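Shown next, in structure tokens, is the structure this report addresses.
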Amino acid sequence: MQKPQHFRRSMAEIGVIAAFLLAPVWLRFGDFLPFFSRLYVTRFVLFIPLIWTIFWWLLAGAPGIRKFAESKLRALWLGVLLLLVIWSFLSQSWAFVRVQHPEVAATAALQFGTAILFAAALACLQVPPAKVISALVFGLVWNSLLTLLQARAGGAIGLTALGEFPYNALTPGISIVRAGEITFVRPFGLLPHVNLLAGFLMVSLLAAASWLVSERRWRRILATCILPLGLYALLLTFSRAAWGGVFFGGCLLLLFGWRKLRQRQMLILAAITVAICVIVTIVFVSQYGDLLSARVGTGEEGIEMRSISDRIVFMEYALKAIGQAPLTGFGIGNFPWRASFYLQFTFYDLRGDNVHHVFLLAWSELGTPGMIMLGIAVLSGFFAAVRMIRATHNMYRIALASTFVALAAVGWLDHYPYTLLHFQVLWWGCIAAALSPPRNPALSATPADLSPNTLTEAKIPV
């Protein structure tokens, strides 16, 4: 009976890795496939490995769930998230456009529920964090190269078959940075917006930093080459939220990971990497100083002022929506429609959009109960990961927890960690991998990760 279960677990693990590999790809199936639902989320290629993982995990009998629930903090994290999923589905019954467009709330609820069940399967399957890190590092490499090519071309480079959006400087509504006569078209990668590309580069950059203390020399050398490349690509996105996210995630990485730099070779390579990254930053500032000044707000460029004013408007609408429906909210996925309702009584040249603040958005759509559950899930997940980090001293777990913090920080200035499937998978999937109990504490870590605490982890209440 063990062999079939082992096979099913292996199939589920393949789905986990495939999901992280597809996270930076906005590729969708067309309507020509009759077996896909009309719900928008089901047409993403990413949706397949998510369902694949959940299916094989359940088919194997949901292995690992008992061990996962041995920790009350982990059980609280998963329990609150599952309650939030149920609340999200219930919100369809009172959603703002439930009559005209019932698919809006249905899609958003299905999307969130799928991401959370995927994270639950990942955590209970005890997928080694090193494998998740490797998938993210691979994504960092090709996304960085693609970013450089798009920045140089001033738009798309002809990868429409892979999901690249065709765009250039003349495309209406395209994201640009302008300073006087200088115009820079911001790269998109294989995603529909530059901020999403920046978000993935941020996550994968923090993940790649863990390779600097790997026991394997080739990984340390590769990290020294990859990190400056990824940093330059991230800078080219001109995404202020992602820059801030790297700062907060990096602080956590240093707080828990600096002790790993105990070997002379690691210290030397880390110092070289930091020096190269500083040089890369200086080169970027010297190349794009005027554009950088416009982007950070020291100038008075109309594009940047408009971006800020638009966000303020939607924050006001979110507070208004919370005041009008503080208990239930207006239904998951329905804030843009409620914002459109408010806009029709104004002269603003705007269309309904999400407020760029995760907790305000959750509060306006799911009411006070939803906002509280989201807050508990974020805090319990973070502290459960910290407990596991202290028990294992595993650098990969530290890096994954830092990506969770970075996305949470981004959530104060943008909405995509909460609203988009790809980043729901990254946000909750990374923390799930960080807090999941190891399969074998004594054997699953690399020599650099082993410590007396690791060898006795099974006896430590985490």
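All figures in this text were calculated on a predicted structure; none of them were measured in a lab. Heads up: numbering here begins at 1 and tracks the sequence.
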**Request:** Could you check Thr281, Leu292, Val285 and say which one makes a side chain to side chain contact (heavy atoms under 4.5 Å, CB included) with Leu235?
**Result:**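 Exactly one pass, corresponding to Thr281.
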Is the shortest side-chain heavy-atom distance between [X] and [Y] below 4.5 Å?
{"X": "Phe20", "Y": "Leu122", "answer": "yes"}
{"X": "Trp243", "Y": "Phe238", "answer": "yes"}
{"X": "Trp412", "Y": "Val358", "answer": "no"}
{"X": "Phe404", "Y": "Leu252", "answer": "no"}
{"X": "Arg387", "Y": "Leu73", "answer": "yes"}

**Request:** Would you please indicate if the ring centroids of Trp94 and Phe330 are separated by under 6.0 Å?
**Result:**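 So the answer is no for these two rings.
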**Message:** For Gly230 versus Leu140, what's the shortest heavy-atom pair and its separation?
**Reply:**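 So the minimum-distance heavy-atom pair works out to CA-CD1, 3.9 Å.
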**Where Ala161 and Leu27 come nearest, the two heavy atoms and their spacing** =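 Taking Ala161 first and Leu27 second, the nearest heavy atoms are O-CD1, 3.8 Å.
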**Message:** Side chains of Arg98 and Asn334: any donor to acceptor distance under 3.5 Å?
**Reply:**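 Checked: Asn334/Arg98 side chains show no N/O donor-acceptor pair below 3.5 Å.
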**Item:** NZ or CZ of Arg74 within 45° of Phe68 ring axis and under 6.0 Å
**Value:**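 That pair qualifies as a cation-pi contact.
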**Prompt:** Parallel, tilted or perpendicular for Trp26 and Phe44, by the 30°/60° rule?
**Reply:**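 Because their plane-to-plane angle is over 60°, the rings of Trp26 and Phe44 count as perpendicular.
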**Message:** Ring-plane angle category for Phe284 and Tyr288, please: parallel below 30°, perpendicular beyond 60°, tilted otherwise.
**Reply:**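 Rings of Phe284 and Tyr288: tilted, 30 to 60°.
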Heavy-atom donor-acceptor pair, [X] side chain to [Y] backbone, under 3.5 Å:
{"X": "Asn354", "Y": "Phe335", "answer": "no"}
{"X": "Gln92", "Y": "Phe89", "answer": "yes"}
{"X": "Arg186", "Y": "Thr237", "answer": "yes"}
{"X": "Tyr167", "Y": "Ser175", "answer": "no"}
{"X": "His101", "Y": "Glu103", "answer": "no"}
{"X": "Gln111", "Y": "Val41", "answer": "no"}
{"X": "Gln424", "Y": "Ile116", "answer": "no"}
{"X": "Thr107", "Y": "Val104", "answer": "no"}
{"X": "Asn143", "Y": "Gly139", "answer": "yes"}
{"X": "Glu13", "Y": "Leu125", "answer": "no"}

**Asked** Going through the checks in order, is the salt bridge (charged side-chain N to carboxylate O under 4.0 Å, His left out) test met by Glu365 and Arg338?
**Response** CA-CA 10 Å; Glu365 291 188 342; Arg338 187 63 183 178; over 6 Å; no
**Prompt:** Rounded to the nearest 0.5 Å, what separation is found between the CD1 atom of Ile176 and the CD1 atom of Ile182?
**Reply:**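 Going from CD1 on Ile176 over to CD1 on Ile182, the span is 12.5 Å.
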**Prompt:** Is the number of heavy atoms from other residues, nucleotides or ligands under 6.0 Å of Trp363 CH2 greater than 12?
**Reply:**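 It does not: Trp363 CH2 has 12 such atoms or fewer within range.
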